[in-house]
There are 2 protein chains.
Amino acid sequence: MAVVLPFEAPEPSIERLSSLVRSDLQKVNELILSRTGSDVTMIPEVANHLISSGGKRLRPMLTLATAVLAGYRGTGHINLAASVEFMHTATLLHDDVVDESELRRGKPSARMVWGNEASVLVGDFLLGQAFRMMVEVGNLRALEILSTAAAVIAEGEVMQLAAAKNLDTTEDAYLAVIRAKTAELFAAACEVGPVIAERPKAEQEACCSFGNNLGIAFQLVDDALDYGGSRAKIGKNVGDDFREGKITLPVILAFRRGSETDRAFWKKCIQGGDIADGDLERDRASQEASRVGRYRRARAPLRRDCERRARDFPVFKRQAGVARCRGFLRGQSALNALLSAA
Amino acid sequence: MAVVLPFEAPEPSIERLSSLVRSDLQKVNELILSRTGSDVTMIPEVANHLISSGGKRLRPMLTLATAVLAGYRGTGHINLAASVEFMHTATLLHDDVVDESELRRGKPSARMVWGNEASVLVGDFLLGQAFRMMVEVGNLRALEILSTAAAVIAEGEVMQLAAAKNLDTTEDAYLAVIRAKTAELFAAACEVGPVIAERPKAEQEACCSFGNNLGIAFQLVDDALDYGGSRAKIGKNVGDDFREGKITLPVILAFRRGSETDRAFWKKCIQGGDIADGDLERDRASQEASRVGRYRRARAPLRRDCERRARDFPVFKRQAGVARCRGFLRGQSALNALLSAA
């Protein structure tokens with residue numbers, strides 16, 4: 001690949017990646033804005049409510065960065081990066097309907113403002129626009145990667161739906177879900193960079209593997225935060241997953257390790273769903289002896305465990321031989337940045 | 001184009017089109033079955049519930065027929081036809097969620113059996129699979145046509161949502177909605193046939209125009225049937241559009257032509273939505289003097305008007321010069337078949 005950077009170990013920060021792709025990302029944002037345009041005014045309203053709500057643009061940044069890394073000289077990476085963001089946004093719009101979420105990135109979710117109908121349909125519109133933009137690039141392999149990702153993401157979401165409230169879910173089954181629903185798009189976003197630059201297969205696979213591992217680590221942290229972040233930080237209600245009976249790693253670990261009483265607690269909460277709205281936000285002292293107290297006490301160590309797992313995740317497992325990827329993307333430090341920013 | 005058929009005028013029947021593409025359609029059905037497969041068992045369950053529920057496969061038949069018409073010799077039309085059916089099925093799954101429909105093709109809709117969540121997500125999966133299948137064909141122009149259709153269909157659905165309950169909707173605005181939500185996919189299904197056969201632009205446009213006009217006529221009839229079909233025939237509850245306050249041509253005509261009293265009636269029903277469940281099915285005699293009686297009396301002439309409009313629709317308006325299309329697809333007779341089968 002064309003860019004070689006020295007191997008110093010900077011402080012973990014996403015800033016380095018951001019500044020590297022800043023001018024391209026500006027173009028991506030302009031393209032996004034123009035492609036949410038429609039005479040049907042509800043479409044840009046709903047789409048931009050979410051797209052302009054302060055998302056980190058992490059996935060499109062990965063596409064831009066891997067394209068630069070691969071020495072790509074064209075403009076196709078702008079289209080592909082915008083496509084990736086549209087696919088992600090469509091997923092969020094549909095997820096919020098499926099999960100009945102009230103908040104997204106600290107604002108009322110689109111479905112709370114415009115209704116479930118608009119969220120479903122504008123999601124479909126964005127998915128269609130994503131495909132149009134990637135078709136314009138004219139690279140069939142990139143199209144294959146991204147269209148496969150679209151199907152696999154939905155498959156992961158259905159897997160998650162089917163596993164809901166099922167406390168027999170194994171850690172492997174959980175990993176299969178997050179691999180599909182999250183890591184697949186990270187992997188695709190990273191892989192299409194070297195693909196449009198027509199780099200050798202091994203480099204394409206290395207970038208794909210990097211994205212895949214980063215995506216898994218990202219979701220591990222995201223799931224841990226539901227058991228320990230603050231609403232302000234994570235932009236959604238803490239405990240949403242818990243209330244929905246979503247089986248994430250904290251639940252799996254707590255259930256496996258807990259006493260009989262602990263298990264009974266998790267069973268009642270996750271399967272029976274009997275947590276009242278607002279319970280989780282109540283004063284800690286008054287809750288100490290209650291179920292919610294048990295939940296709160298369990299949260300911190302669970303979160304630490306999940307984050308440790310994420311940190312240990314072998315982001316570079318299969319990257320041997322493509323060491324320059326490492327120097328450039330600073331994988332481990334990008335991950336650390338995610339973890340510390342969270 | 002390669003196939004020339006004589007110009008006799010057979011009885012209107014869709015049978016002629018079906019028998020022409022029968023063996024290819026068998027392959028499409030096999031491909032559909034294999035591409036709804038997933039380790040996530042809920043996916044084939046939900047997808048096949050709808051796909052195997054006796055849909056006419058009209059859209060994939062159009063793709064197969066136009067490919068044959070264009071003298072296409074490869075296998076890509078099988079993939080494209082299956083993609084078109086998947087796009088259509090995804091739309092139906094999402095539509096049922098948006099419209100809160102209880103019936104689809106005479107069976108409980110997927111959302112009634114598996115819930116809204118599964119309908120949204122399996123629809124997304126099918127859309128992803130549709131794109132994968134069309135990418136495999138490797139024709140960028142076909143990809144452009146079908147991905148554009150995906151975006152335009154969603155745009156049409158949002159338009160319809162935005163116009164709901166608005167009795168100021170004009171006939172032109174209504175036509176714009178059905179052009180986008182229905183005719184666009186008919187047009188795309190017809191256009192990709194000559195496209196993959198690499199036929200001249202004029203022939204591609206003629207097929208596109210044929211599909212567009214056929215799609216508009218199809219939707220005109222479909223909307224008229226909501227005001228006059230029987231549940232057994234149309235496979236959904238009669239009056240669903242009426243109850244949802246959907247602005248279709250029967251409503252627009254009735255509102256425009258009606259007396260002040262009539263307008264007040266339509267306003268109250270469509271905007272206020274105060275039609276009780278079951279009202280429309282009650283005994284006619286007891287309802288004669290009521291609102292529902294007024295609705296029932298209005299139905300038959302409205303339906304006739306709408307169907308007349310559909311019959312008169314210029315399916316061949318811009319086909320001059322590509323007369324062989326006509327001999328082959330028997331456009332007007334296919335349309336008549338649709339009308340008489342409905």
Side-chain angles (χ1 to χ4, degrees), chain A residues 35 38-43 46 87 90-91 94-95 97-100 114-164 176 180, chain B residues 35 38-43 46 87 90-91 94-95 97-100 114-164 176 180:
Chain A
R35 294 304 176 95
S38 166
D39 293 339
V40 189
T41 50
M42 199 192 268
I43 289 179
V46 176
M87 286 173 67
T91 309
H94 288 184
D95 267 8
V97 172
V98 169
D99 295 343
E100 300 179 354
W114 289 275
N116 281 339
E117 305 91 335
S119 292
V120 170
L121 298 175
V122 175
D124 290 350
F125 173 78
L126 292 178
L127 211 49
Q129 290 291 71
F131 282 105
R132 286 177 85 173
M133 285 191 281
M134 59 183 98
V135 168
E136 286 166 15
V137 178
N139 183 301
L140 284 169
R141 175 68 189 137
L143 280 164
E144 186 188 348
I145 291 165
L146 288 167
S147 60
T148 301
V152 170
I153 292 165
E155 213 168 9
E157 301 275 355
V158 179
M159 257 193 263
Q160 176 171 271
L161 184 66
Chain B
R35 295 305 176 92
S38 166
D39 292 340
V40 188
T41 51
M42 198 191 269
I43 289 179
V46 176
M87 286 173 67
T91 310
H94 288 184
D95 267 7
V97 172
V98 168
D99 296 343
E100 300 179 354
W114 289 275
N116 280 339
E117 305 91 334
S119 292
V120 170
L121 298 175
V122 174
D124 290 349
F125 173 78
L126 292 179
L127 211 49
Q129 290 291 71
F131 282 106
R132 287 176 84 173
M133 285 191 283
M134 61 183 96
V135 169
E136 285 166 16
V137 178
N139 184 300
L140 283 169
R141 175 66 190 140
L143 280 164
E144 187 187 348
I145 291 165
L146 289 167
S147 60
T148 301
V152 172
I153 292 165
E155 214 167 9
E157 301 275 355
V158 179
M159 257 192 263
Q160 176 172 271
L161 185 66

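A quick note: this is a predicted structure, and the numbers were derived from the prediction, not measured. In what follows, chains carry the letters A, B, and so on, assigned in the order in which the sequence lines appear, proteins first and then strands, with residues in each chain numbered from 1.
Interface residue B:Leu127: only side-chain heavy atoms are found under 4.5 Å from chain A. Proximity to chain B involves both the backbone and the side chain of A:Leu140, based on heavy atoms less than 4.5 angstrom apart.
Ring planes of A:Phe131 and B:Phe131: parallel class, angle under 30° (limits at 30 and 60°).
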Derivation and outcome, side chain to side chain contact (heavy atoms under 4.5 Å, CB included), residues A:Asp124 and B:Asp124: CA-CA 8 Å; A:Asp124 290 350; B:Asp124 290 349; 4.0 Å; yes

Pair A:Met42-B:Leu161, side chain to side chain contact (heavy atoms under 4.5 Å, CB included): steps then yes or no: CA-CA 9 Å; A:Met42 199 192 268; B:Leu161 185 66; 4.1 Å; yes

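Contact count versus chain A (heavy atoms, under 4.5 Å) is highest, among B:Ala162, B:Ser38, B:Ala150, for B:Ser38. Interface summary for chain A: among B:Ile153, B:Val97, B:Thr148, B:Leu126, the most heavy-atom pairs under 4.5 angstrom belong to B:Thr148.
The two residues A:Glu155 and B:Asp39 make their nearest non-hydrogen contact at OE2-N, 4.3 Å.
Test B:Met134, B:Glu136, B:Arg132 against A:Ser147 for side chain to side chain contact (heavy atoms under 4.5 Å, CB included) and you get one pass: B:Arg132.
Taken to the nearest 0.5 Å, the CD atom of A:Glu100 stands 6.5 Å off from the CD atom of B:Glu117.
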